[in-house]
Structures are given as structure tokens and as C-alpha cells.
2 protein chains.
Amino acid sequence: MRSRVLLFVAAAAALGWLMIPDTLQADEGMWLFNNPPRAQLKKYNFDPEPKWLDHVRLASVRFNSGGSGSFVSPHGLVMTNHHVAADDLQKVSTPQNNYLKDGFHAKTLQDEIPCKGLELNVLIDIKDVTAEVEKAVPPGTNPAEAFRLRQAKIAELEKAVANPEKNIRADVVTLYAGGQYHLYTFKKYTDIRIVFAPEKQAAFFGGDPDNFEYPRYCLDVAFFRVYENGQPINSEHYLKWSAAGCQEGDLVFVSGHPGRTNRANTVAELKYLRDTGYPYLLQRLNRLEVLLGAWVARSERNAQRGEDELFGIQNSRKARMGGLAGLMDPKLMGRKEKDEERLRNYIVGLQRVGTALPPWHADAMNAFDVIAKAEKVRAEIIKEYALLEGAGGFNSASFGIARTLLRAADELPKPNGERLREFTDARLSSLKFSLLSDEPIYEDLEILKLTDGLQFTAITMGYDSEFVKKILAGKSPRERAYELISGTKVRDPKVRERLWNAIEAAAKNGQTYDLKALNDPMIELARWVDGPARAVRKRQENEVDEPKRQAYAALAKAKFAMDGDAVYPDATFTLRLAFGTVQGYTEDGVAIPAFTTLGGIYKRSAEQGNKGPFELPPRWKARQDKIDPQTPFNFVCTADIIGGNSGSPVLNRQAEVVGLIFDGNIHSLVLDFIYDQDLARAISVDSRAIIEALRKIYDANDLADEITGRKK
Amino acid sequence: MRSRVLLFVAAAAALGWLMIPDTLQADEGMWLFNNPPRAQLKKYNFDPEPKWLDHVRLASVRFNSGGSGSFVSPHGLVMTNHHVAADDLQKVSTPQNNYLKDGFHAKTLQDEIPCKGLELNVLIDIKDVTAEVEKAVPPGTNPAEAFRLRQAKIAELEKAVANPEKNIRADVVTLYAGGQYHLYTFKKYTDIRIVFAPEKQAAFFGGDPDNFEYPRYCLDVAFFRVYENGQPINSEHYLKWSAAGCQEGDLVFVSGHPGRTNRANTVAELKYLRDTGYPYLLQRLNRLEVLLGAWVARSERNAQRGEDELFGIQNSRKARMGGLAGLMDPKLMGRKEKDEERLRNYIVGLQRVGTALPPWHADAMNAFDVIAKAEKVRAEIIKEYALLEGAGGFNSASFGIARTLLRAADELPKPNGERLREFTDARLSSLKFSLLSDEPIYEDLEILKLTDGLQFTAITMGYDSEFVKKILAGKSPRERAYELISGTKVRDPKVRERLWNAIEAAAKNGQTYDLKALNDPMIELARWVDGPARAVRKRQENEVDEPKRQAYAALAKAKFAMDGDAVYPDATFTLRLAFGTVQGYTEDGVAIPAFTTLGGIYKRSAEQGNKGPFELPPRWKARQDKIDPQTPFNFVCTADIIGGNSGSPVLNRQAEVVGLIFDGNIHSLVLDFIYDQDLARAISVDSRAIIEALRKIYDANDLADEITGRKK
């Protein structure tokens, strides 16, 4: 493959195209550690040595729950965000001790609390195995056989390196959508203990109103310690703490695990998202936010039960609003159009080069049209899909459970390969786990949401349509929701378990368990919905997802042929190196400075009446006189990050910690599709604020000493 | 007209139709005082004597600012709602004394504060002048001439009775859409002084979360005193205070001024509202509520500036949600269908009676189709209309001002009869008043709203459409909004005044003032929008409003011919008598009791953390031990009310005050279209809570004594 790439790149060069695309912005990219952005870093007069790269890589930690972190002491101390730690803090909390809300500080090793089910990974080796994977698939092999051979080779490569006894894990990572395959070897840790977390109010100061905004004032930090054999590990590669911190204009690095980007999206797909997908989703989110917001405001009890769901909706709404604003920015869209033009020209131009055309060429030639056509279908069916298959029209946990049971009875007797994806053997245990979870479901909230869902169904499909008439059964949405929710038995976990077992048992004998006999109104509703839901899902899979998958694969190959690894691959929740400058920005003519200060949180809280999401934790109020209000608190930089980077360390040229990534500003929400250096910013906690807070607010001098190297 | 009605009613009876429609529900109706619901009250064994009716009428007061009230002492003391008094409280507040927020209590007559511009009316006489008005228009007169003759007759009738010197005002009121004309004579009062108001937090306890909800805990009451010649008037007809209050099941009366109902709406119009109008409006309201809600939550300063607008949006949203829920209730819609069927049969049946057909018959035959067709057009153009002519796509005060100036320059030089409605001579002074108002306009809020409006325009009209391209001028919605708002001069009231004067001066010379020379970006935007906006407005007026006006007029005549005054006319903001029983209701299987208690407000406040809209005023906290927690606070009854009834007294059989209307529950929001006895309820403050609060919380024994007759 490699040689073929070189060939086409040479051909492209012969035609006068640039080998390194000029479409990359200065600080753009989530780069591979084995292919760092040396060309881009030249303007900073920085050339990362292999030792520097190895050290940073080995000090970086992946949270398999979905986040990043780093070793910050030789004794296995790991730093990440409070919001990355939130799940773990919740799991170890008790009715007496709400560590998520009130924070936690282990004064001694003995006080550190073991997490439940948390796994951390450290990337100890990277090997390019592209040639070996490619060699395993002889030219001309049909796709199914090619897939099998490739998977077999990958399994073989992984197995040769993995060593479960020594907690060595190996994954072959697919990069550039198949342009390269790298074998990643990880050291895996599973005895992780909680060392320190501030109060949620300090970590998430400003709540939803300030989420994705800047200036910010959040101490979004938490510390864990990694143990092996009952002892803290010796973390030889750990990041030293910068004494000076960073200043505006400084070059900084971010080492972390960006989860997923869609920068290969064609303009047709972006226009679909801009004109149909995002507006539709936002309309639905607005509706739900108003519905839940009004319900939550009605009582404290409602608030306790609905706040998390409401926050999730608000978070999605902000993310989509930011994304939509970017999609409506002609500057960003213009860059995407230019990129696409360049790729189109490259693909078309290959025909003129005169060499043999690569096997993906025909597909790549059609790819833009195939994607555009698929997006048209997607726009046509989005409402029905979201309503029926997405179950937005029956918005309730009860409906979800009823449908899972109904479909399980239909699907499990089928051969594995013919089942709906989520009912295949590989996914069955996680499906069952979530189905049988005894997470509380609140009847009144269910009625509220289902009423809204049914009303939404009536508006979308037409109140007088046969489908809606059947669904509403001659009642108003509210009456019908009440009847369904109060009448169904599926909210009882015991009933669910009994039914699941009966369905599984019947399936083993090749039979479909008869749920109809139950006469459960919600299961019967799910049955009425299931025909049209499966039909629209089929259209989505056959006319949208599959053609797009093939078209994008061809485009990825073309792109890799064009640029090789002079560009970075889309994010894959594996370790990447980003870089940028500490830098403010200008919004509506107003200059937003790069830094905030600890004093600023008191000012903002006071301005907001010290209430709601702006209420300071008692310790912060009590210690106000002790801290230096000038201490830098949060700062922004231009580094290219995305979800998954939460908890990534921000480093200076000496690979010393100067900050901790925890969010992006509202303009960064376009980074899913396109990097933007003008307005998009990553937001970090300043390392100096962490030390100041640990010492002056939390009396955690032991921890501050360990981090800063005063305690060895 | 009367004889003709009798004729048709007799014919209808001959054909077997009922003379009194059985479609009325037991407690339905907003009845005329000169045609009370005697038949309906029979089941309560109550037959209101003329003396009873006269007394209640003469004790009832209309607030011309839009509300109801009543005399509750012989010394001109008037009771109404705090929210009816809000405007007046605000107007007399000073930077030192915020009477709207903190309440007010005049200990002596000298302390009572005169209101600014408040007018109260008492209906002192009603005369049926239908025959005289009808006689003035000879049969066969063309519509324009008929209109002129009728208006002339009405003016003559009014002039004969009115006596400005004695503050006697006379209005001919059109009832049954022209079926009857009644001459109402009012005594007008303009020296009104504020006596007492509680804190807004007590009056509007629960804020938006509890608005339109039940159970409730609101002391939504205020007292004024009516003066003439510098002395409190002698209000001979005043309502006595009931010592016992009311109990569940009691018959009660509501005497007040319902503003407007649309109960004549055809099923086609209701379906338009259900399927298109309300869903579209709600989508827009949801979007604005989320936008403003997030902005208001960002800072106290934002909250102060945006809270009122946000509350207005939330209030509309709740009202529409309640209305939509009703429109989706097949029971209610079924009753509307039955009513319509009955009217259709009547109209068609007249052809078979064999007598000469009435002049409106042909129009009535077509009316249902004409309305259905108009509603189709309405559905077709609603988005464009709301966006362009409704200016939802350019949502900002700045755009509104710019467009008014632009249109004034175009319209004022035209002859009066050819101008857009709002620019006709009769409306010009109020247009100018609002244009030149120096109410503050906030630049950042303007940018926020306009950005959202432009984004909404792009989504609705298509981002790639020529119109949107022109409007956005190659920029993102946010950049464009910033450019427009920061670039326009129209927010300066002096600029507005200068331009208005120049426009008026030019118009007097028959010339159009040249605004183009200003090169103001917002005025130029308004110019681009104006062509399509005027085009869609023309369609709305010509294809929707005008045909509907004619069709509904014909239907109203048919209806009056069918039922005469055996049914009540749609609301007209004139005095009506409603009745009903004090009665709880059942929602989702939960019984909601009719009464709440004073103790309940403390419980609810505590449950809600005593914060935000649930924070009790300091006096309420301090006096908790003094009050009897069992005192009934708010209660619900089945009386038929609508906006305008706010402040209406609730009376027992002896015409004694037992309560004070202040709201309807969420189910009452369908009363615009249809009365509902199952779930719709009027919400009142209990008279006993008013006395308890006056004595125990506000130390207002003087006022309590005056109301209860202890002080003479």
C-alpha cells in the first residue's frame, strides 16, 4: 500500500499539486505520536525529540470510561477532570457520603477508595503493521473474504503481543479509514483508587449556563492513584509540574484521547446537517428542554429526579447550537468546499495521469454523488426515523423496555447473522444488562414524557392519520399516556427478568415466546409501532448508512493516496498530540482575554446572587481571604481537541504540566467537522489554580507537595 | 329581525329540532345580565331576581386597562387582582419604593396614591336597541352604505344617552356577531387611588412554574378606592363579605368582563390550529424560551433585563400547550363536530321549510367551505407570514423600528384609505407614541435575538436560497446580526424622532422621504424584506382574513336564527354572569381537592427550598405563627371564564363575596374554543384567606374591618 501511495503522490506532484496540503490551519491536528507534526511545529522553532515524545506518551493515561489523564507523580498519581471521575465518585458514594457533590480527600494511602470497574490504559508501544495487514489480503479477494482474512491477521498480530497475565493488552488500530494499521500495546491497570475531588459546585461552577462558555471559573480536577499488587505503582514516566505556568502566546501541547471526529464529511453531508439534521434535532431538544425544565421547576422532588436528564438535553442543545452556528459560517463552509474541490480534482486527475487506476477509483469517482443521494433520503426519512425507530414519539423508558422485549421475542429465535444488530450474540449481554437494570423509573415523569411524545407523533404524522388514530385509540395524548404508563407491567424489574428468561428459553428451542397473551398495553403499542419502525430502519440502513460507508471508505483511500500521512487521521479514541498557543479571541468586537483568575469566581458568584449553579461551596466562601485572587484559574488555547480529550494534560515545551483540558468554548463545537483557529478554543484549568486551591482551600498540602515534587 | 328569528325557530321546531340546544354543558356560559341563564340555574333551584341581578351588576367594575373588579364597601373600595393592579403599582413606584415588588398599604385616606391614567366603568343601564339599529338599514342596502347607516344610528343612540359632564359614557355593544345590539350606559371614574397590595411574591407565589397550575397558593388581590370631587364615592351597591365563605359543592357566581372567546370557530379552523397553527407557534416559543432562558441564566444583569420577556414567552407557551391539549382531546373535538353538524343541518334544512330564505342563507351555505379553504391558505403561508410580516425572522426591536420608519415613509404620502391599517390617521398617534418611546433596548440582547431570528430564517427559507443569501450578505447569522445591530442608528430615540418628523413633513407635501440616503444597515435590511413581507400579508388579508370575516358573519346570523338568545354570545369585554360549583377534579387518577390552605404555602415553599418563585416574603415568614394554617387559601370552581375575568368577584346565592378569580388551570386553556366541565377550572383566592392575611400578616385591620362591615 505504502508504495502505491508514493506513486500517486508523485503523480500528483507531477501535475503541480502540493504534497502537503495548504488547507491545514497553523495549529490544526490531532497527530499520531509516531508521526508528530514536525513541519507544523517549525514555526515555533520546536522539534520534538523521540525522548520527549516517548516520555509524554508513557505519562499519558486513557480512562476506558471515556476520558484522558496523566501521571503527575512517581507514585502512580493520575490527574484527570472531576467530570471524568464523576461516575466513579457516584459509585463509591453512600447515603451518608455524597463524594460527587461534596468532594473527597484521602489524607493517607489507607483512605484512598478503590473504584468499581474502572480501567486505565497506558500506550507502551506503537508499531506500524500496515504492510502485514495488507499482505494478508491478496489482490482481487472478494469483500467478505477480505474482511475475514484481515480480521484474522489482526487477531494474530494482537495475540502475539498481548499478555493477559501481565496486563498487557494489544489493539490493532485502523487509521485513515484503512490507510494505515498500527499495533498499539497497552499496559492495563484495574486497581484505581480515588485520592481527591473537589465539590461538584467548584468543579462545575456555573452549571449549564456557563457550560461551553468562556470566561470560566471551574476547578474541574480530580486525582486517582494506580495500584498494582496492593501497592501504588512506580510511575517512572510522570509529568513534572511547571513552576511558572504558561503565559499568553506560549506554545502548549495536549496529549490525550480525542474520541471521534467527522472531518471527512462531504459538503453534501454538512449541508444535510445544516439544513435538516441539526434544525430538526434542535427543535426536538428545545421541546424537551422546555417540557422538562417546566416540570423540574415545579418541585424540588421533580428537580432531584429530572435534573440529570434535563442537563443532558441542555448539553446536547448547546453542542448542536454551536455546531449549527459553525455550519452556517460561510468561512468554515468555504474551507470545506475548497478541500472537497481539491479531493475531487485529485480523483478526476488520476484519469489523466496515465498510470493504472487504483481499485477504489471507480467508487471514489461516484462517492460524492452517492453520499449526496443518501443525504437526500436521510432528509426525507429523518422525522419518521426519529419518531418510530428512534422512539422519540413514545419517549419513555417503559416503551423502550416493552419494545426490547417484543423484539427479543422476534429476534432471538433467528440465526445470529439475521438478527437486528443489537440482538446479535456479541451484544446480547450488554443489552440484557441494561434491560434488567433496576434504575428507578418515575411514573409521573413517564406520563409527562409519553404525553409529549404522543402529541409530537400526532403533529408529525397527522392527528387524523390512520397510524395516529390507532396509537391514540380514541383518547387524548394525555389520557392515552396515563392509560399506557399506569397499565403496563414492564417497569417491574422482576417481570422483565421473568419475560427475558422465558423469551431466551423459547428461542433456544427455536420458538417465539408469545407476549400477546400478556395483554400488556405498552407491549401491544410497541407491536403496532414495530412494523413501520422496522421499515424506516431498513431504508436508513440500506439507502443511507451502507452506501455512505462504502463511499466514505473510497474517499478515505483517495485522500490517503493524495496526502499520505502528511495530514492527521480522524480521531479514534487513541492517543494523539495536539498543539497550539495560549490565546484569547474576539467575539462581537469584544476581546475575551485568555486567562481568568481565582478572584473572578467570587466576583461572578456575587454578581449572580451566589445561588443556583453560581453558589460557592462553603469552603470556598470561608477561605476567600486565604487565597491569592490574582492566581490564574482557567485559560484558553488553540489546540485541536474534541470529546475524549477531557482530562488531558496541557504541557509546555519541557513537557511540564501547565494546565488540564476540561471543555471547549461554544465555537469549538464545530471541531467535529472542521478545525477553526479564529474563535474555537480549548478550555483548561491552570496548574497554578490547582495548587493554590489544594493548599489554601482544601488543606491538601500533601497532595500539592507530591505533585510539585516537594514530597518525594 | 326579532320576528324573523322567531319565524325560523318555529320552523326549526316544526322540523323536530330542539329550541334550546342540548349541546350546552350544565355550568356553561358567559351570560348577559339582561338575559340570565334561568333555565340552566333551575337545577340549582336558583332563580335570580331582577334586584339581585341589578345589585351585582352595579357592584361590578370594569378596569379599562383589561380586567374586572367589584365594590366591596360603601366607601368606593374596589377589589381586584394584584396582577390587574401591577401596571398601576409600577407606574407609581419610585427608585425608593417598589410597590409592585414590596406591596403597599395606605393606613389613612391621605396615604392612598392616585393612579396614572386608570379608568373604571360601572354598567348602570342596558337597553336592547336591536330593532332601532336594524330599522336604520333598509333591506337591500349595499354593504358599504349599510355599514355607514348602522354606524350613524349607533352614534346617534350613544350620543342621546352619553353625558361627558357627568362622566356618563354610552356604547352600543354588538352581540351574537350582529344578532343583537345593546346600548350600555356606564358611569366612568378616573380618580382611582391605590389602597393596598401585597408583595408580588405573595400575589404570584410559584411564578411561572405554578402559573396555570393547581393546587395554588396565591394572594392575588389588591384594593383601590374610587374618588369623585376629591372624596371617596358613596358606593351604594357594594358586595357584602360572606362570613362563612364557600364549601365544596356550593353554587357560585362570577360577575366580570370576559375579553374574547372564539367558540364559533368551525372544526376546520380548530383543525388548522391543532395541526398547524399551535404546533408552529409552540415550536417558535420553545425556541425563544430556550434561547432567552439560557441567556437570562448567564447573569443577574441579563435576568433583570430579560426576565419579563421570558415570562411572557413562558406564559404564551403554557397557554398554547393547554389549548393544544384540548384540541387533541377527542371528547372536546367531538362536541364541536356535533355542534357544527347541528348548525349545518339547520342551514341546509331551511331550504326544505319552504319559506323565503333569509338574505344570509347563500353565504351560510358556503361558509364552512370558505373557511376550510381559507385555513388551507393559512397553513400554506403561516411560516412565511410569521417570519416576514410577523418579523419573527428578524426578531429585534431595532428591526421593528427600522421597518416602521421605512413603511411610514412609503405609507404616509398615500391617501388615508389606501394605507396599511396601522398607518391610517386613526392609529397614527399610538403608532408614533410607541415608535418614539424611550424604553431601553439592550444591544447584546438584540444581537442574541437577531442572530436566532436570522438562523431561523435560514432554516425556514433555505440557507442557499437567494433571499437568505441577500439577507445574510455572505456572513454567518451571528456576524450579520452583530453588524446590523451595532451599525444601525435607529435605537437612538432622537434619531427616530428626527426621522419621523422629516417623514411626516415630506408626506404633507405629498412626498416620500428618502431614507436610502441614510445608508442605515437595518433600514436597508427592512427594505429587502418589505417586498415579500407585503406580498404575504396581502395573501393573508385577501385569501384568509376577509373571506373568513364574511363567512363567520353569515354563520353567526344562522346560529342566532337557530337558537336566538337561548345561548350566550361570544365574549366582548362587557359584563357577563357565569356560574358553577366549587369542585375539584381528577387528573391522571389523582383527585385534586377544591381547596388549598394558608398552611399549604409554607409547606410548598419549604419543599422548594424557599427560593426563586417559591421564596416567601419576609412578612409571611415572620408571621407564620400568627395565622391559622387551616384557613382556605385558593379554590377552584366550574364557572366559565376567560382572560378579562381577572379580578372578578366570586359570589354565593346571597351575592356575598366568597372569592376572587385570578387564574384558570391548565385545562381551562381550551375555554377559548369550548367550555369543559370535566377538567377546566377557574381558580380563586378564598375570601377567608384575604381577611386572615390582611389581619395577621399585613396589620391591615382597618381594611379588613371596612370589607367585613365592622367599620361603617
Side-chain angles (χ1 to χ4, degrees), chain A residues 206-210 213 271 274-275 279 282-283 285-287 289-291 293-301 303 314 317-318 324-332 444 447 451 454-455 458-459 462-464 472 474-479 481-482 486 587-589 604 607-609 611-613, chain B residues 206-210 213 271 274-275 279 282-283 285-287 289-291 293-301 303 314 317-318 324-332 444 447 451 454-455 458-459 462-464 472 474-479 481-482 486 587-589 604 607-609 611-613:
Chain A
D208 173 67
D210 276 10
E213 304 282 354
K271 285 191 175 182
R274 181 192 69 191
D275 298 338
L282 276 165
Q283 183 195 330
L285 289 169
N286 283 339
R287 188 182 166 98
E289 181 168 343
V290 166
L291 180 83
W295 187 79
V296 155
R298 284 276 291 152
S299 76
E300 275 291 301
R301 197 166 156 261
Q314 291 173 321
R317 181 255 304 161
K318 276 209 177 179
L324 185 58
L327 291 168
M328 286 202 179
D329 183 343
K331 283 196 301 299
L332 297 186
D444 53 350
I447 293 172
T451 301
L454 292 173
Q455 204 187 68
I459 291 167
Y463 185 91
D464 287 332
L472 289 181
K475 302 191 180 61
S476 72
R478 190 187 176 91
E479 282 173 322
Y482 174 70
S486 61
E587 197 174 66
D588 294 345
R604 178 138 179 79
E607 283 167 2
Q608 296 293 87
K611 67 190 178 192
Chain B
D208 173 67
D210 277 10
E213 304 283 353
K271 286 191 174 182
R274 182 192 69 190
D275 298 337
L282 276 166
Q283 182 195 331
L285 289 169
N286 284 339
R287 187 181 166 98
E289 182 168 344
V290 165
L291 180 82
W295 188 78
V296 155
R298 285 275 290 153
S299 77
E300 274 291 299
R301 197 166 156 260
Q314 291 172 322
R317 182 254 305 160
K318 277 210 177 180
L324 185 58
L327 291 168
M328 286 203 179
D329 183 343
K331 284 198 300 298
L332 297 186
D444 52 351
I447 293 171
T451 300
L454 292 173
Q455 204 186 68
I459 291 166
Y463 185 92
D464 286 332
L472 289 181
K475 301 192 179 61
S476 72
R478 191 186 175 90
E479 283 173 321
Y482 174 70
S486 60
E587 197 174 67
D588 295 344
R604 179 137 179 79
E607 282 167 2
Q608 296 292 87
K611 66 190 178 191

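None of the values given here were measured: they were computed from a predicted structure. Note on naming: letters A, B, ... go to the chains in the order of the sequence lines (proteins, then strands), and numbering restarts at 1 for each one.
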TODO: List for me each residue that meets salt bridge (Lys or Arg N to Asp or Glu O under 4.0 Å) alongside A:D464, sequence neighbours excluded, and say none if there are none.
DONE: B:K271, B:R274
TODO: Considering only heavy atoms and a distance below 4.5 Å, find which of A:S299, A:P279, A:A294 pairs most often with chain B.
DONE: A:S299
- [ ] Name the region of B:K331, side chain, backbone, both or neither, that has any atom closer than 4.5 Å to a heavy atom of chain A.
- [x] side chain
Open item on the list: Using a strict threshold of under 4.0 Å (side-chain N to carboxylate O), is an ion pair present between B:R298 and A:E607?
Closed with: no
Open item on the list: Using salt bridge (Lys or Arg N to Asp or Glu O under 4.0 Å), reason through A:K611 and B:E300 one step at a time and then give a plain yes or no.
Closed with: CA-CA 10 Å; A:K611 67 190 178 192; B:E300 274 291 299; 3.7 Å; yes
Open item on the list: Quick one, A:M328 and B:E479 - any side-chain contact, counting heavy atoms below 4.5 Å?
Closed with: no
Task: Test item: A:L282 and B:V290 side chains (from C-beta on) under 4.5 Å apart, heavy atoms - done: no
TODO: Would you indicate whether the side-chain heavy atoms of A:Y463 and B:P330 approach each other to under 4.5 Å?
DONE: yes
Task: Set of residues satisfying side chain to side chain donor-acceptor pair (under 3.5 Å) with respect to B:E587, sequence neighbours excluded - done: B:H667
Open item on the list: Counting heavy-atom pairs under 4.5 Å with chain B, which one of A:Q314, A:K318, A:R604 comes out on top?
Closed with: A:R604
Task: Reported OG-to-CG distance for the pair B:S476 and A:L327, which is rounded to 0.5 angstrom - done: 11.5 Å
Task: Top contributor to chain B contacts, counting heavy-atom pairs under 4.5 Å, from A:A325, A:G612, A:A303, A:G589 - done: A:G589
Open item on the list: Quick check for you: among A:L324, A:D275, A:L285, which has the greatest number of heavy-atom pairs under 4.5 Å with chain B?
Closed with: A:L324
Open item on the list: Side chains of B:N286 and A:L291, heavy atoms from C-beta outward: is any pair under 4.5 Å?
Closed with: no
Task: SB check B:R478 A:D588 (cutoff 4.0 Å) - done: yes
